[in-house]
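Below is one structure, written out as structure tokens; comments come after it.
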2 protein chains.
Amino acid sequence: MRLSARSEYGLLAMIELAGRIGEGPASAREISEVQAIPPKFLEQLLVTLRKAGLVTAVRGARGGFVLDGAPEDISVLQIIEVLDGPLSPTVCDDERAAACGKSGACAAGTVWNRATRALREVFEETTLADLASEQRRMDSHK
Amino acid sequence: MRLSARSEYGLLAMIELAGRIGEGPASAREISEVQAIPPKFLEQLLVTLRKAGLVTAVRGARGGFVLDGAPEDISVLQIIEVLDGPLSPTVCDDERAAACGKSGACAAGTVWNRATRALREVFEETTLADLASEQRRMDSHK
DNA sequence: GGAATTCTTACTGAAATACTATGATTTCAC
DNA sequence: GTGAAATCATAGTATTTCAGTAAGAATTCC
């Protein structure tokens, strides 16, 4: 249940890439400037995203990154889980589960699960296509 | 958007208290043993909960803590926000907002907001009464 | 060959987390 | 009124995580 700067930056970068489809690869430096993200940090995130198959990298001069797949097919959840790990309740795992077992089951767990499910739903149903068009709308309205 | 052990332990303790209404004060040590929570840590959490008005403390021997108010009136959200601070998007604040301002508004922000809202809903609509009865149900089903 | 880029690995400073320690204060029971 | 049991207050600490930096190797375009 932790959402760090990695997800935030990563999502910004992915939205940026989604808005540049058909324009050839965008370099990490370019993206970092437009989105105000620490360049070396972003570089790492992009490599992670590539290893997960969400972007394609073009090495060498004039290289950069391109979205891998259609924006409609990439959900925010995918990006988050690649960068911050699985979106689990953080709470109620490992030893805690054992403690729960001691006294049967814990009602607390049901809340954490509902919360996680709610988060997943939001992140799963939102795609880069949604966000890219939202971004265009925002940009055009001044 | 961070849910730490404080919230987890605190919720467990509050559920425990909700299940003991009418039995007089429960000491921190007692609760810590039943729920397998580090005792001194729990002590601090309970003091915090008292300062927020969610529990009442009875000092001295035979003292302890009692739920302050009816379980139906205490939401999980209240507990979480007291112990872990406001449930805000973590992301997209401060300097980031300034960066957003630079290029207008950011579509990413809309996702974080939806996510936060979804979380709040779950936590807000779940009360200690719900969890206490859920717990009783779980305990009775062996 | 040189410049621009990704890739890899390692490092680091700062903050947060999850406690622990100590002792003062209050109160009940006897 | 003394001792035990409890809360309260404050400070300390070990570990981890976060966010970012650094340095250089590998790749590719021009």
N or O in side chain of R50(B) less than 4.0 angstrom from dT7(D) OP1/OP2: no
Out of dA9(D), dT6(C), dG20(D), whichever nucleotide has its closest atom nearest the side chain of K51(B): dA9(D)
Of P39(A) and G60(A), the one whose closest DNA chain D nucleotide lies more 5': P39(A)
Residues in side-chain hydrogen bond (donor to acceptor under 3.5 Å, both in side chains) contact with R59(A), at least two apart in sequence or another chain: none
Distance, rounded to the nearest Å, where L3(A) contributes CG and dA16(C) contributes P: 17 Å
Distance, rounded to the nearest Å, where L49(B) contributes CG and dA9(D) contributes P: 14 Å
Protein-nucleotide distance (R6(B), atom CZ; dT17(C), atom C1'), rounded to Å: 9 Å
Length of the line joining F41(B):CZ and dG12(D):P, which is rounded to integer Å: 19 Å
Of the listed nucleotides dC8(D), dT7(D), dC7(C), the one nearest the side chain of S27(B): dT7(D)
Lys/Arg-Asp/Glu bridge criterion (N-O < 4.0 Å) met for E125(A), R120(A): no
Minimum-distance nucleotide (side-chain atoms of Q44(A) versus dA22(D), dT7(D), dT5(C)): dA22(D)
Integer-rounded Å distance: dT27(D) C1' and F65(A) CZ: 13 Å
Pairwise 5' ranking along DNA chain C for L46(A) and A61(A), keeping only the more 5' one: A61(A)
Contact under 4.0 Å: Y9(B) side-chain N or O vs dA18(C) OP1/OP2: no
Test item: side-chain donor near acceptor, T126(A) and R114(B), under 3.5 Å: yes
For the student: nearest non-hydrogen atoms of A108(B) and L12(A), plus distance: CB-CD2, 3.8 Å
Presence of R59(B) side-chain N/O under 4.0 Å of dA4(D) phosphate oxygens OP1/OP2: no
Nearest-angstrom distance from the residue atom CG of L45(A) to C1' of dC7(C): 14 Å
Of the listed nucleotides dT21(D), dT6(C), dA19(D), the one nearest the side chain of P38(A): dT21(D)
All side-chain contact (heavy atoms from CB on, under 4.5 Å) counterparts of E134(B), not counting sequence neighbours: A107(A), T110(A), R137(B), M138(B)
OP1 or OP2 of dA19(D) under 4.0 Å from side-chain N/O of S4(A): yes
Nearest-angstrom distance from the residue atom CD of E43(A) to P of dA10(C): 17 Å
Length of the line joining E8(B):CD and dC19(C):C1', which is rounded to integer Å: 14 Å
Nearest-neighbour nucleotide for the K40(A) side chain, dG24(D), dC29(D), dT10(D) considered: dG24(D)
